[in-house]
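Computed over heavy atoms, backbone and side chain alike; hydrogens, waters and symmetry mates excluded.
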Amino acid sequence: MKKLAKTLFVFAFGLLYLGSAMTEIGNATEVTIDQDSQGNFVLKRSGEPFFIRGAGGTDHLTELVENGGNSIRTWGIESLDKQVDGKPLLDRCQELGIAVCVGLWIQHERHGFDYTDQASLMKQRKMVRDAVQKHKDHPAVLMWGLGNEMEGPSSDEDVPHIWKELNELAAIIKEEDSNHPVMTVIAGASGNKVRGILEHYPNIDVLGVNSYAAASSAASAIKAAGWEKPFVLTEFGPSGHWEVPQTAWGAAIEPTSRKKAASYYVTQSMLVEDAADICVGSYCFLWGFKQEKTSTWYGMFLESGEKLPQVDAMCRAWTGKWPANRCPRMTSFTSDLNQATVRPGQKINVHVDATDPEGDSLEWTWAVQAETTEQSVGGDRESVPPFFPDCIVKTDGGDAVIRTPTKPGSYRLFVIVKDGKGGASAENRCFQVAAN
């Protein structure tokens with residue numbers, strides 16, 4: 001009997017604990033939009049001011065917190081099914097104190113979606129309603145990210161049919177959830193887009209803007225178009241591959257790692273100083289790894305997991321301090337290969353200078369890779385171009401001998417330097433192999 005009584009006690013205690021845990025996870029955190037005594041918009045979670053120090057992506061969450069971040073942004077509801085450290089994404093974020101802007105992917109016309117097809121619209125509305133019903137009470141939810149660049153990443157046309165449908169979708173969210181604001185994200189701070197939203201989309205609470213080279217002026221641009229509600233800079237980073245100089249054969253020239261880091265820091269700093277009246281935060285892009293134009297253009301981490309200088313820059317911007325271990329710095333990249341047209345099978349010397357702030361010994365990796373031929377837009381998925389390991393003839397730290405590929409075409413030489421303690425820098429140089 002004693003053994004049975006003990007078993008029942010443990011079982012009852014377990015049920016009590018489980019019920020308590022479920023209550024904690026099931027209690028929505030109320031998020032409101034207020035204004036302070038100076039008229040500046042303030043986002044509040046459970047009544048406390050919350051300025052978004054955020055990043056786009058679902059990886060490296062511990063590093064985000066360690067560097068001063070407090071929020072992530074996702075793009076599609078399927079991201080919430082991801083297991084992070086053995087737990088669902090929202091649960092792990094709650095443990096770490098990370099608030100989540102939950103992305104609800106709204107279909108794009110450029111992907112074939114027909115906004116005149118009622119069956120498709122009803123299916124999308126059901127998706128939104130189901131997603132909100134499922135996740136609205138999780139305390140890690142910050143707001144709903146209703147759509148991302150669904151008007152088209154490079155379009156400035158009037159799209160009232162899209163804004164009107166978003167207004168319907170936002171109404172569904174508000175019907176299901178009164179505790180979290182609705183944000184919609186557009187590509188660039190186009191005045192025409194802002195005016196269309198003002199006319200056709202009154203249910204929006206927060207306007208998100210993805211911007212790169214012009215990121216620091218996004219807030220002033222939307223205000224000039226008449227925007228008076230809260231604003232979030234939802235993507236920013238280096239200049240986009242459509243915004244930079246090109247080689248003579250049309251290859252986009254990727255900014256150096258130091259220039260990228262400076263872009264992140266300057267944008268974040270200017271945003272806080274110049275747009276305090278409407279800005280409630282930002283999300284840098286991308287807190288992870290991604291092949292987009294190159295494997296290093298937008299990702300703030302290598303595929304192998306090391307952070308890049310952009311992470312250090314955001315730590316400085318968020319906290320006012322540098323991290324304890326900073327990434328190595330590349331200070332020069334010298335070679336006749338740079339932006340050159342060369343012969344097939346030609347041997348060329350390369351020299352790169354790099355230092356480490358803490359004096360750590362450096363590990364070097366060299367690679368030749370074909371230029372991508374995919375003309376993707378708006379962050380669409382790209383395949384990884386082939387590598388040519390036989391082109392690396394000899395390496396010695398920052399010195400290398402490269403044999404150019406035998407096949408004519410456009411290529412990049414990558415060099416990656418790591419400090420062995422989780423930090424790295426990565427750069428590349430374009431070159432073209434001519435036909436014989």
Side-chain angles (χ1 to χ4, degrees), residues 56 149 152-156 187-190 209-218 221 233-271 282-302 308-311 313-314 327 329-342 350 352 367-382 384-385 409-416 425-433:
E149 300 186 0
S154 59
S155 172
D156 196 28
S190 159
V209 176
N210 295 342
S211 185
Y212 289 85
S216 59
S217 62
L233 184 61
T234 40
E235 284 184 23
F236 72 96
S239 294
H241 57 269
W242 63 94
E243 299 172 309
V244 297
Q246 297 182 345
T247 65
W249 58 90
I253 300 172
E254 185 169 340
T256 66
S257 56
R258 296 178 69 185
K259 285 185 178 179
K260 287 182 188 178
S263 295
Y264 282 86
Y265 179 79
V266 169
T267 297
Q268 180 68 21
S269 300
M270 291 184 66
L271 182 73
S282 66
Y283 292 93
C284 56
F285 185 87
L286 170 76
W287 198 263
F289 168 85
K290 184 183 185 185
Q291 165 67 40
E292 185 174 355
K293 198 59 176 180
T294 75
S295 59
T296 57
W297 202 302
Y298 300 100
M300 300 171 72
F301 292 80
L302 296 178
L308 294 169
Q310 302 92 290
V311 173
M314 289 308 303
C327 294
R329 299 175 63 194
M330 291 192 192
T331 54
S332 70
F333 194 129
T334 307
S335 176
D336 292 339
L337 198 69
N338 185 28
Q339 298 180 40
T341 299
V342 296
V350 184
V352 174
V368 171
Q369 187 178 26
E371 181 76 27
T372 181
T373 58
E374 298 181 19
Q375 302 298 316
S376 61
V377 296
D380 289 347
R381 186 179 299 276
E382 293 180 2
V384 178
S410 184
Y411 299 87
R412 291 181 189 255
L413 171 64
F414 286 82
V415 58
I416 296 173
S425 281
E427 295 192 13
N428 67 75
R429 296 294 186 269
C430 309
F431 66 96
Q432 179 182 233
V433 175

Check: Looking at Ala426 and Leu308, what are the two nearest heavy atoms and their distance?
Finding: N-CD2, 4.0 Å

Note to self: Using side-chain hydrogen bond (donor to acceptor under 3.5 Å, both in side chains), reason through Ser282 and Gln268 one step at a time and then give a plain yes or no.
What the structure shows: CA-CA 8 Å; Ser282 66; Gln268 180 68 21; 2.7 Å; yes

Notebook entry, point to check: Among all residues two or more places apart in sequence or in another chain, which pass the side-chain contact (heavy atoms from CB on, under 4.5 Å) test with Thr331?
Noted result: Arg258, Asp353

Check: Partners of Tyr265 by side-chain hydrogen bond (donor to acceptor under 3.5 Å, both in side chains), sequence neighbours excluded?
Finding: none

Next item on the list: Working to the nearest 0.5 Å, report the span between CZ of Phe431 and OG1 of Thr247.
Entry: 12.0 Å

Item checked: Contact list for residues 242-252, test salt bridge (Lys or Arg N to Asp or Glu O under 4.0 Å), sequence neighbours left out -> none

Checklist line | Close side-chain approach of Val350 to Thr334, heavy-atom, < 4.5 Å | finding: no

Next item on the list: Not counting sequence neighbours, which residues clear salt bridge (Lys or Arg N to Asp or Glu O under 4.0 Å) with Arg429? List them please.
Entry: Glu427

Item checked: Residue pair Lys290 / Phe285, side-chain heavy-atom distance below 4.5 Å -> yes

Item checked: Atom pair CG (Leu233) and OG (Ser216), whose distance is rounded to the nearest 0.5 Å -> 9.0 Å

Checklist line | Heavy-atom closest contact (Ser239 atom, Ala213 atom, distance) | finding: OG-CB, 3.9 Å

Item checked: Donor-acceptor contact below 3.5 Å, side chain Ser269 vs main chain Val266 -> no

Next item on the list: Go through the structure and list residues passing side-chain contact (heavy atoms from CB on, under 4.5 Å) with Thr294, not counting sequence neighbours.
Entry: Glu254, Thr296, Trp297, Arg412, Phe414, Asn428

Note to self: So, using side-chain contact (heavy atoms from CB on, under 4.5 Å) as the criterion, who are the partners of Glu382 when residues are at least two apart?
What the structure shows: Gln291, Glu292, Thr372, Glu374, Ser376

Next item on the list: Measure the spacing between OG of Ser295 and CD of Gln369 and express it to the nearest 0.5 Å.
Entry: 5.5 Å

Next item on the list: Considering non-hydrogen atoms only, spot the tightest contact between Gln310 and Gly299 and give its length.
Entry: NE2-O, 3.5 Å

Checklist line | side-chain hydrogen bond (donor to acceptor under 3.5 Å, both in side chains) involving Tyr411 - partner list, sequence neighbours excluded | finding: none

Check: Are the side chains of Leu286 and Met300 in touch, meaning some heavy atoms are under 4.5 Å apart?
Finding: no

Note to self: Holding to ring-ring contact (aromatic ring centres under 6.0 Å, His included), I want the full list of residues that pass it with Tyr212, two or more places apart in sequence or in another chain.
What the structure shows: Trp242, Tyr298

Next item on the list: List the atom of Ser263, the atom of Gly237, and the distance in Å for their closest heavy-atom pair.
Entry: CB-O, 3.7 Å

Next item on the list: Indicate yes or no: at least one non-hydrogen side-chain atom of Val311 is less than 4.5 angstrom from one of Tyr264.
Entry: no

Next item on the list: Consider only side-chain N and O atoms of Glu235 and Ser211, and report whether a donor and an acceptor are under 3.5 Å apart.
Entry: no

Next item on the list: Any chance you could measure Ser257, atom OG, to Arg329, atom CZ, to the nearest 0.5 Å?
Entry: 9.5 Å

Checklist line | Any residue meeting side-chain contact (heavy atoms from CB on, under 4.5 Å) with Gln246, in chain and number order, not counting sequence neighbours | finding: none

Check: Hey, what do you get for CE (Met314) to SG (Cys284), rounding to the nearest 0.5 Å?
Finding: 4.5 Å

Next item on the list: Considering non-hydrogen atoms only, spot the tightest contact between Ala215 and Thr267 and give its length.
Entry: CB-CG2, 3.7 Å

Notebook entry, point to check: side-chain hydrogen bond (donor to acceptor under 3.5 Å, both in side chains) with Thr234: which residues, sequence neighbours excluded?
Noted result: Asn210

Check: Minimum heavy-atom separation for Cys327 to Pro309, with atom names?
Finding: SG-N, 3.6 Å

Check: Residues in side-chain hydrogen bond (donor to acceptor under 3.5 Å, both in side chains) with Thr373, at least two apart?
Finding: none

Notebook entry, point to check: Can you tell me how far the CG atom of Asn338 sits from the CZ atom of Phe333, to the nearest 0.5 Å?
Noted result: 7.0 Å

